[in-house]
Asks: 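Input: one structure, supplied below.
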Amino acid sequence: MNATTAKTAISPRRDQDFPEWYQQVIRAAELAEPSEVRGCMVIRPWGYGIWENMQRQLDAMFRATGHRNAYFPLFIPLSYFAKEAEHVEGFAKECAVVTHSRLEADANGKLRPASVLTEPLVVRPTSETIIGASYAKWVQSYRDLPVLINQWANVVRWEMRPRLFLRTTEFLWQEGHTVHETEAEARAETKQMLEVYERFVRDHLAVSVFSGEKSESERFPGAVQTLSIEAMVQDRRAIQAGTSHFLGQNFARASGIQFQNREGKQEYGWTTSWGMSTRLVGTVVMAHGDDDGVVLPPRIAPTQVVILPITPKEEARAKVLEACDKLARQIREMRYVDLPIEVEVDRRELGGGVKNWEWIKKGVPLRVEIGPRDLEKNSVEVSRRDQGIKAKESVPMEELVRRAPEILMSIQNNLYERATKFRDEHTRVIDSKKEFYDFFTPANSEKPEIHGGFALAHWNGSREVEEQIKNDLKVTIRVIPLDDSAEHGECIFTGKPSSRRVVWAKAY
RNA sequence: CGGGGUGUAGCUUAGCUUGGUAGAGCGCGUGGUUUGGGACCACGAGGUCGCAGGUUCAAAUCCUGUCACCCCGACCA
């Protein structure tokens, strides 16, 4: 490598071609790869490990708020699905449908579907209707409420333009489905779960988000209200990171979830649903990654500390490896956020540089090198992934063991601060239509550079305006903030009165 | 589903216009030299050129059909 050229592990760089960079990072870090099956991906161990950590931590938060896990069928009878009209309309175009049950060889030996199902089965794109069928049986009285259930599952949405993690035909997620006695309680649940999501994304993924309500046009099909958290990634676009829906009595009516209330009258339940998906893995990559690969927040890194033995001389090899194992054992006894630290000793017989770069690309928070010289001094060379690739610090071994948790915490915090700063720098309060259009129009339309960001602007609530902006700029309202940020002003497009600013951005 | 494009080794691709034994780089394997670092040298494995048909003495190359994928739209966690 030439010392004067700063060669990056990933090419192109983010500023050259962000979408391509994203694909390359995912490949280089061995997170996932496109499969032979159209629109579907293979999630490799490193990527799945990240998802498992997200799952574990999110699941604990669900439990802590009183939810329990269960599992419902992958297949939804078409008739169930058809019960909620708006819901059908919203999902119909992207449903995979099973119409046959058996394979038979034809005259040429080709396998063909043989037996037509009396009723087609929809592969769940989301489970409101199939879960509703169970809830209808379980709920008889106000004493059966609330029902607070979550399921971890795969779902299928026949999307036209798949992208690894961000939008694949099949994806993994969790979907919470609850039933409540009153509207107020269901609304509170919807809000609560949005806050859980917001906290999870902040504390675990080191990403700060804007949260709020979706406009009518972006609402979940069949919902009364959709709440969402929106993260900004490094090309300054928004990613919807989690949604929580207040479904009113719409789905209860469709599924027949009815109970006898405290007055002895039959009443429909008030339901909610909320979900987060493997899209979060892509969000983390785009939020924190750099030109050398993924940068993982320690809390979700499958391996938090990797120890790299440096064994230039064969004679020293055994001793170095022994020291690595000992250090690994000691660090594993330390705890970071109440969990044992995940340490791996990379003993593979590969060139030291190759190994080091692999871990850089994978985004391991802390790399620790131990060679014969370090053994003599009883110290190690430590590199943090959130700092320059070349940066190394010599640290006495016992000190590293002692400080490992605090270093991980420092990396986690640093990533969060960095991402938040980035978001804030690219979030602009905008008060005129011209400024708005300028903000979202690239200087070079042939090859648009990274531009724009989040715009906070007044809007009069009209759907036509939303349409117009979407057509002109591909910019949509990401959320209408719920907090007390109400501020009177004028819609920058129509001049009509507006009661608050809303968040506008280009979205994934 | 509209508009454009591409299919050659695991990956990136040259060759195609003007038909004549399929080439490279990376990766992979073996051996060696190195090595506080994504190293170097040598040797080697790996391709019925997306598939089917046609033209021809001869097809990766020309023709027809077909399938798949990619990019730009509409849809979207």
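Labels below follow one simple rule: chain letters A, B, ... track the order of the sequence lines, proteins then strands, and each chain is numbered from 1.
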Asks: Looking across every strand, which nucleic acid part, if any, lies under 4.0 Å from A:Leu166 by heavy atom: base, sugar-phosphate, or nothing?
Replies: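 A:Leu166: base contact, heavy atoms under 4.0 Å.
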
Asks: A:Trp504 and A:Phe493: aromatic ring centres closer than 6.0 Å?
Replies: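 Yes, close enough.
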
Asks: Describe the nucleic acid contact of A:Glu381 in one word from base, sugar-phosphate, nothing, applying a heavy-atom distance below 4.0 Å.
Replies: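 Base, at least one base atom sits under 4.0 Å.
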
Asks: At 4.0 Å (heavy atoms only), tell me whether A:Phe171 reaches a base, stays on the sugar-phosphate, or touches nothing.
Replies: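 Since a base atom lies under 4.0 Å of A:Phe171, the category is base.
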
Asks: Under 5.5 Å between ring centres and under 30° between planes: does that hold for A:Trp173 against the base of B:A77?
Replies: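 Stacking is absent between B:A77 and A:Trp173, given that the ring centres and planes do not meet under 5.5 Å and under 30°.
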
Asks: Given atom CG of A:Leu473 and atom C1' of B:G73, what is their separation to the nearest angstrom?
Replies: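 Distance check: A:Leu473 CG to B:G73 C1' gives 16 Å.
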
Asks: Taking the nucleotide of RNA chain B with the nearest heavy atom to each, does A:Asp374 or A:Phe220 sit closer to the 5' end?
Replies: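 So the residue in question is A:Asp374.
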
Asks: Applying a 4.0 Å non-hydrogen cut-off, can you work out what A:Lys361 is touching in the nucleic acid: base, sugar-phosphate, or nothing?
Replies: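 Counting heavy atoms under 4.0 Å across all strands, the contact made by A:Lys361 includes a base.
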
Asks: Using whole Å, what does the distance between atom P of nucleotide B:G36 and atom CG of A:Leu375 come to?
Replies: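 To the nearest whole Å, that distance equals 15 Å.
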
Asks: At less than 3.5 Å, do the side-chain atoms of A:Lys355 and the base atoms of B:G36 form a donor-acceptor pair?
Replies: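 Counting by modelled atom types and ignoring angles, no donor-acceptor contact under 3.5 Å is found here.
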
Asks: If I take atom CZ in residue A:Phe165 and atom P in nucleotide B:A77, what distance separates them, rounded to the nearest angstrom?
Replies: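 Checked: the CZ to P distance equals 19 Å.
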
Asks: What nucleic acid atoms does A:Thr243 come within less than 4.0 Å of, heavy atoms only: base, sugar-phosphate, or nothing?
Replies: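 Contact class for A:Thr243: none.
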
Asks: Under 4.0 Å, counting only non-hydrogen atoms across every strand here, what does A:Lys474 touch: a base, just sugar-phosphate, or nothing?
Replies: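 Answer is sugar-phosphate: A:Lys474 comes under 4.0 Å of backbone atoms only.
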
Asks: Given the side-chain rings of A:Phe251 and A:His87, with only the six-membered ring counted for Trp, is the space between their centroids under 6.0 Å?
Replies: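 Yes, they do, as the ring centres are separated by less than 6.0 Å.
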
Asks: Using a heavy-atom distance cut-off of less than 4.0 Å, which residues of residues 302-312 of chain A contact RNA chain B?
Replies: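 Correct list: A:Ile310, A:Pro312.
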
Asks: Tell me the interatomic distance from A:Lys362, atom NZ, to B:G38, atom P, rounded to whole angstroms.
Replies: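 These atoms are roughly 19 Å apart.
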
Asks: What contact category does A:Arg27 fall into here, base, sugar-phosphate, or nothing, at under 4.0 angstrom with non-hydrogen atoms?
Replies: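 The answer is sugar-phosphate, as A:Arg27 gets under 4.0 Å only of primed atoms, P, OP1 or OP2.
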
Asks: Expressed as a whole number of angstroms, how long is the span from A:Trp158:CH2 to B:A77:P?
Replies: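 It works out to 18 Å between those atoms.
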
Asks: Tell me what A:Thr168 touches on the nucleic acid: a base, only sugar-phosphate, or nothing, going by heavy atoms under 4.0 Å.
Replies: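 It contacts base atoms.
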
Asks: Given that A:Gly353 and A:Lys470 both sit by RNA chain B, which one's nearest nucleotide is further toward the 5' end?
Replies: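 Its nucleotide being nearer the 5' end, the pick is A:Gly353.
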
Asks: What is the nucleic acid contact for A:Gly351, judged by heavy atoms within less than 4.0 Å: base, sugar-phosphate only, or nothing?
Replies: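 Here A:Gly351 touches no strand at all.
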
Asks: How close or far is atom P of B:U34 from atom CD of A:Glu349, stated in whole angstroms?
Replies: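 To the nearest whole Å, that distance equals 18 Å.
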
Asks: Quickly work out the A:Arg317 CZ to B:U35 P distance and round it to whole Å.
Replies: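 It works out to 16 Å between those atoms.
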
